[in-house]
Amino acid sequence: MEFKFTQDPLEKIPADVALVVVFGNEGEKSSPISLRQTDGGLGLDKLLKQALSKIIREQAFTGKEGETILLNTLSQIKPKYIVVAGLGTAKNFSTETLRRVGGKSVQIANKIRAGSLAVVLESGNMQGKNLDNRLQAFVEGALLANYQFNRFKTKNNTNKKNTFQTFWFKHPGNSARLKKVCEEAYATVEGVNLARDLTNLPPNILTPTALGREAQDLAKKYKNISAKVFSPAEIKKEKMGALLAVAQGAKEPPAFIHLKYTPPQKSKLKVALVGKGITFDSGGLNIKTREMELMKMDMGGAAAVLGVFKILGELKPKVAVEGFIPSCENMPAGNAYRPSDIITTRSGKTVEITNTDAEGRLALADALDFALESKPDYMIDMATLTGGAAYALGELVTPVLGNDKKLVSRLIQAGEKAGEPAWELPIVQEYKKGYSKTPADIKNSGSGTRASTISGAIFLEEFVKKNKWAHMDIASTAWADEPTSIHPMIGATGSPVRTIFYFLNDLA
Ligand code: BES
Ligand code: ZN
Ligand code: ZN
């Protein structure tokens with residue numbers, strides 16, 4: 001990926017596409033919009049003998065967000081095409097608007113096999129958003145939309161590969177600073193893309209062992225990152241009875257991954273990230289009767305931890321971070337754990353297995369208990385924990401629950417900044433009661449409420465003691481069944497990698 005800066009006007013830039021972004025009109029009536037001087041639109045229109053404004057009128061282009069026009073310039077100017085993209089009303093303008101416009105523009109560029117895109121960077125604030133923030137969002141959206149997962153396509157693949165690879169920015173000012181903004185956005189999206197790749201990989205390839213290798217690769221690549229992968233024998237020695245119970249029906253051995261990021265400067269704060277790493281969730285003996293083929297994504301939390309670590313390695317923020325990933329398959333077999341088994345977790349608490357499909361919380365219980373020993377200031381777990389997350393908040397909003405108001409609200413704020421909305425669900429005390437109706441200390445399902453996302457969090461809370469902790473249930477947001485401007489592909493979204501990185505970066 002290349003980021004080029006120039007003082008030339010759009011018509012002279014040797015890019016395939018010139019991008020003109022326009023605000024829509026306020027109010028109910030949607031009349032065609034007018035082009036502006038500042039973003040180069042008016043200049044192009046003049047050179048093209050008003051072709052641009054004519055098309056805008058003819059097509060009744062009103063500048064709504066998501067609305068675009070594509071125009072071939074017939075060699076009248078350097079760029080072969082012009083894309084006009086609507087921003088929606090100025091009133092509703094946010095960095096998310098630019099993220100989506102960036103995404104949409106790159107999708108169009110790839111569709112017409114364009115390699116480069118030029119846009120004017122206007123100085124000063126735009127609806128209260130400064131240039132750095134606007135550029136960051138635009139580039140982030142564009143790069144997110146340029147993601148592909150095609151390593152298993154064997155035939156005629158080359159002409160389907162994305163063509164986009166160069167940004168051109170017209171800007172009069174200091175380009176060194178802006179280039180840095182672009183490069184940070186690039187590093188961030190590379191982290192998201194690692195998470196997307198890992199989550200999209202099928203379970204016969206991305207085994208717990210392979211996940212461990214990914215962690216070791218990060219440690220090899222980045223000086224500030226170390227990784228230890230616990231073997232099954234070491235997991236036994238750690239007395240992770242819950243993780244081992246889930247893993248016992250699978251031929252694939254489990255793995256427990258411990259990552260450490262040490263910032264260049266001494267840090268006051270340490271954050272523990274814990275990610276559910278079930279590489280395939282068949283449900284176990286409580287076998288799933290629907291959507292089992294989706295359950296390769298049950299390691300989305302683990303993928304997010306690794307994605308965040310990649311960004312930490314690249315951008316080196318000031319906060320100390322440790323990562324913990326309990327990983328295994330959940331399979332039915334003659335030696336699989338059974339409903340009614342009672343197991344002993346690493347913490348010493350006993351759990352009656354009332355549903356083998358509630359396996360994530362078991363694996364996480366041992367990981368949270370292990371993570372406590374590093375004495376983190378904050379503990380955040382990310383897990384594709386409950387199908388109920390989709391009923392609670394749908395496909396676009398991640399439920400966050402926790403025992404620390406400040407932590408939860410910081411995560412929600414970071415999500416807002418990232419364009420990955422999150423919202424708090426309450427930990428309702430009354431829902432705890434059902435969990436103790438068991439001969440063990442607690443059972444792993446059936447707390448007596450239909451709010452499964454809440455009861456999942458209640459179970460986890462039993463293992464975090466008094467530590468400040470938040471849980472993000474990404475069951476419905478780590479995977480997209482509908483393409484959007486920044487996720488053109490159905491599949492892994494890489495959520496909440498950006499949320500967590502922004503949270504960590506702002507904490508430092
Ligand atoms: N991995 C699933 C949750 C899930 C469902 C993730 C759909 C993504 C999409 C989890 O292990 C599970 O099966 N949860 C059960 C818990 C129940 C048995 C208490 C659920 O949500 O139904
Ligand atoms: Zn399950
Ligand atoms: Zn699961």
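One-based numbering, in listed order, for ligands and for the atoms of each. What's counted below: heavy atoms across the whole structure, side chains too, no hydrogens, waters or symmetry copies.
If you look at D281 and ask which of its N, O or S atoms sits nearest the Zn ion (ligand 2), the answer is OD2. Looking only at its N/O/S atoms, D298 has OD2 as the one nearest to the Zn ion (ligand 3). Counting just the N/O/S atoms of E359, the one with the shortest distance to the Zn ion (ligand 2) is named OE1.
For K276, every heavy-atom contact with ligand 1 shorter than 4.0 Å involves the side chain, none the backbone. The residue E291 has no part lying near ligand 1, judged by heavy-atom distances below 4.0 Å.
Between G387 and ligand 1, an N or O atom pair is found at a separation short of 3.5 Å. Looking at L385 next to ligand 1, an N or O pair under 3.5 Å apart turns up. Not a single N or O atom of N444, backbone or side chain, sits closer than 3.5 Å to an N or O atom of ligand 1. Here's the thing with T386: none of its N/O atoms is less than 3.5 angstrom from an N/O atom of ligand 1. Considering backbone and side-chain atoms alike, D281 places an N or O below 3.5 Å from some N or O of ligand 1.
By the definition of a contact as any protein heavy atom under 4.0 Å away, atom 21 (O) of ligand 1 is in contact.
Within the coordination shell of the Zn ion (ligand 3), defined by N, O or S atoms under 2.8 Å, G360 is absent.
By the 4.0 Å N-to-carboxylate-O rule, R99 lies close enough to E96 to be salt-bridged with it. Comment: E140 engages R498 in a salt bridge, judged by a side-chain N to carboxylate O separation of less than 4.0 angstrom.
A centroid separation of less than 6.0 Å is found between the aromatic rings of H258 and F370.
Contact analysis puts R361 in contact with ligand 1, with a non-hydrogen atom separation below 4.0 angstrom.
A side chain to side chain contact (heavy atoms under 4.5 Å, CB included) with F280 holds for exactly one of M295, M297, E252; it is M295.
The nearest non-hydrogen atom to atom 9 (C) of ligand 1, considering only E359, K288, M295, comes from M295.
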